[in-house]
Amino acid sequence: MMSRTFNITADCKPSLHYMVDLSGRLEKIKKMVDAGQYFTINRARQYGKTTTLRALAKYLIRDYVVISLDFQLMSHKDFEEEGAFVKAFSEAVLRKTDRENSMPAKIRNELRELSGNIKEAAMSHMFEIMSSWCKLSEKPIVLIIDEVDSASNNQVFLDFLSQLRGYYIDRDVTPAFQSVILAGVYDIKNIKRKIRADEDHKNNSPWNIAAKFRVDMSFSRRDIAGMLEEYEKDCHTGMDVMSMAGLVYD
């Protein structure tokens, strides 16, 4: 069996790396999901966003259908035209649910048909299909998207946010996602959009529905000690775990 290591690049994987216990954070985030909130998680690189999102997807799976996407895996061209985005997004959703029974065959067929006709693929149609899925689904659906700010300069992405906002506002009459979580380095609530090409940016961000994310994602001394305790069980160095945790924290 491969020994675990302390990881400082990319996401952490429980089978490979010593990790902070995320259960407290995940419980707090789930309360926001349970309340039907749409929100962003924006932190600097190497802050643990992706690790948290992947753990969250597993944490929510008992109560929700979770669609976990990464916009970093979509190309620049996927955001240039509406049809290209609809195709790329639909195909990403289909891939994520390919081995699950969470998507009804009717919805799967409609998404496949939509993604196969890039010239006529409309975002409004895609959201209608998603809304139908939300209505038919046995469990509420949660959408998680990582690296969203990689697309933030594109009008198509702003239109996507606008559609999410519209369905959020009408969710009492039109089925919609239970919760939408967008993660990235920058806070997309600050995005401004142009109504016309010759106008200045307006103060009407298409993501002004977002709830405030107040979950502390930084590591405490106790968090660090938990990782060191796991290391000590494996390596038996005889270290004073709490003293060492304090030094690392400082």
Side-chain angles (χ1 to χ4, degrees), residues 4 7 10-43 47-73 89-111 126-127 129-148 164 167-168 171-172 174-184 209-217 219-220 222-223 226-227 230:
R4 288 183 294 171
N7 179 45
D11 68 304
C12 292
K13 303 183 187 303
S15 61
L16 301 177
H17 306 127
Y18 294 106
M19 290 181 58
V20 164
D21 180 5
L22 298 175
S23 56
R25 295 171 178 79
L26 298 180
E27 182 179 354
K28 291 177 182 178
I29 298 173
K30 185 176 183 295
K31 288 180 179 178
M32 298 181 70
V33 172
D34 293 341
Q37 295 181 342
Y38 286 30
F39 55 95
T40 63
I41 301 176
N42 56 285
R43 296 292 188 277
Y47 212 95
K49 297 185 299 299
T50 298
T51 298
T52 299
L53 290 179
R54 292 189 175 185
L56 179 65
K58 295 179 180 178
Y59 190 79
L60 295 176
I61 203 69
R62 179 180 296 180
D63 299 319
Y64 299 101
V65 173
V66 181
I67 311 170
S68 184
L69 308 179
D70 186 347
F71 272 6
Q72 193 171 231
L73 300 179
F89 187 88
S90 299
E91 289 178 345
V93 172
L94 287 168
R95 283 195 301 273
K96 285 294 183 176
T97 57
D98 186 47
R99 298 180 182 178
E100 303 174 14
N101 297 319
S102 56
M103 180 183 287
K106 173 180 180 292
I107 302 300
R108 186 172 298 279
N109 291 336
E110 289 181 0
L111 277 181
M126 181 182 74
F127 271 92
I129 295 172
M130 293 292 176
S131 179
S132 296
W133 183 15
C134 292
K135 181 178 181 179
L136 295 172
S137 180
E138 294 181 1
K139 297 179 182 179
I141 302 175
V142 176
L143 175 63
I144 302 174
I145 305 178
D146 198 7
E147 299 290 347
V148 291
L164 285 172
Y167 274 87
Y168 174 84
R171 66 194 185 283
D172 56 330
T174 305
F177 296 119
Q178 165 73 15
S179 178
V180 175
I181 305 168
L182 306 180
I209 57 169
K212 290 187 179 299
F213 183 75
R214 294 190 171 94
V215 178
D216 185 4
M217 291 179 61
F219 291 173
S220 67
R222 180 65 256 177
D223 288 334
M227 285 193 292
E230 291 297 311

* **Closest contact, heavy atoms only, Gln178 versus Pro140** => CB-CB, 3.7 Å
* Structure fact -> From the list Ile144, Val148, Asp146, Val93, side-chain contact (heavy atoms from CB on, under 4.5 Å) partner of Leu69 resolves to Val93
* Taking every non-hydrogen atom, the tightest pair across Ile141 and Ile67 -> CG2-CD1, 3.7 Å
* Minimum side-chain heavy-atom gap Leu22-Thr51 below 4.5 Å -> yes
* Structure fact -> In short, Val65 meets Ser137 closest at the heavy-atom pair CG2-OG, 3.8 Å
* Side chain proximity check, Phe177 to Arg171, heavy atoms < 4.5 angstrom -> no
* **ring pair (Phe, Tyr, Trp, His ring centres under 6.0 Å) partners for Phe39, two or more places apart** => Phe213
* Structure fact -> Closest heavy-atom pair, Ala183 versus Leu53, reported as atoms and distance to 0.1 Å, is CB-CD1, 3.4 Å
* Is the shortest heavy-atom distance from the side chain of Tyr64 to the side chain of Val33 under 4.5 Å? -> yes
* Asked: Hey, does the side chain of Ser179 reach the backbone of Gln37 with a donor-acceptor pair shorter than 3.5 angstrom?
  -> yes
* Asked: Is Leu26 close to Thr52 at the side-chain level, that is, under 4.5 Å between some pair of heavy atoms?
  -> yes
* To do: Starting from the C-alpha separation in whole Å, work towards a yes-or-no answer on salt bridge (charged side-chain N to carboxylate O under 4.0 Å, His left out) for Arg4 and Glu230.
  => CA-CA 10 Å; Arg4 288 183 294 171; Glu230 291 297 311; 3.3 Å; yes
* Structure fact -> CE (Met32) and CD1 (Ile41) are apart, to the nearest 0.5 Å, by 8.0 Å
* Could you pull out the closest heavy-atom pair between Lys139 and Ile61, with the gap in Å? => NZ-O, 3.2 Å
* To do: Please round to the nearest 0.5 Å and tell me the distance separating atom CG of Leu143 and atom CE of Met130.
  => 8.0 Å
* Asked: Going through the checks in order, is the salt bridge (charged side-chain N to carboxylate O under 4.0 Å, His left out) test met by Lys30 and Asp63?
  -> CA-CA 10 Å; Lys30 185 176 183 295; Asp63 299 319; 3.3 Å; yes
* To do: State the CD-CE distance between Glu110 and Met103, to the nearest 0.5 angstrom.
  => 10.5 Å
* So how far is it from Glu27 CD to Ser23 OG, rounded to the nearest 0.5 Å? -> 7.5 Å
* So, Asp21 and Arg222, do they make that salt bridge, N to O below 4.0 Å? -> no
* Asked: Mind checking what makes ring pair (Phe, Tyr, Trp, His ring centres under 6.0 Å) contact with Phe127, not counting sequence neighbours?
  -> Phe160, Tyr167
* **Between NZ on residue Lys135 and OG1 on residue Thr174, distance to nearest 0.5 Å** => 10.0 Å
* Check whether any side-chain heavy atom of Leu111 sits under 4.5 Å from a side-chain heavy atom of Glu91, and report yes or no. => no
* To do: Taking the side chain as every heavy atom from C-beta outward, state whether Lys106 and Trp133 have any pair of such atoms under 4.5 Å apart.
  => no
* Asked: Does a side-chain N-to-carboxylate-O contact under 4.0 Å join Asp70 and Arg54?
  -> no
* To do: Work out which heavy atom in Ser102 is nearest to a heavy atom in Thr97; give both atom names and the distance.
  => OG-CG2, 4.1 Å
* Which distance, rounded to the nearest 0.5 Å, do you find between the CD1 of Ile209 and the OH of Tyr38? -> 6.5 Å
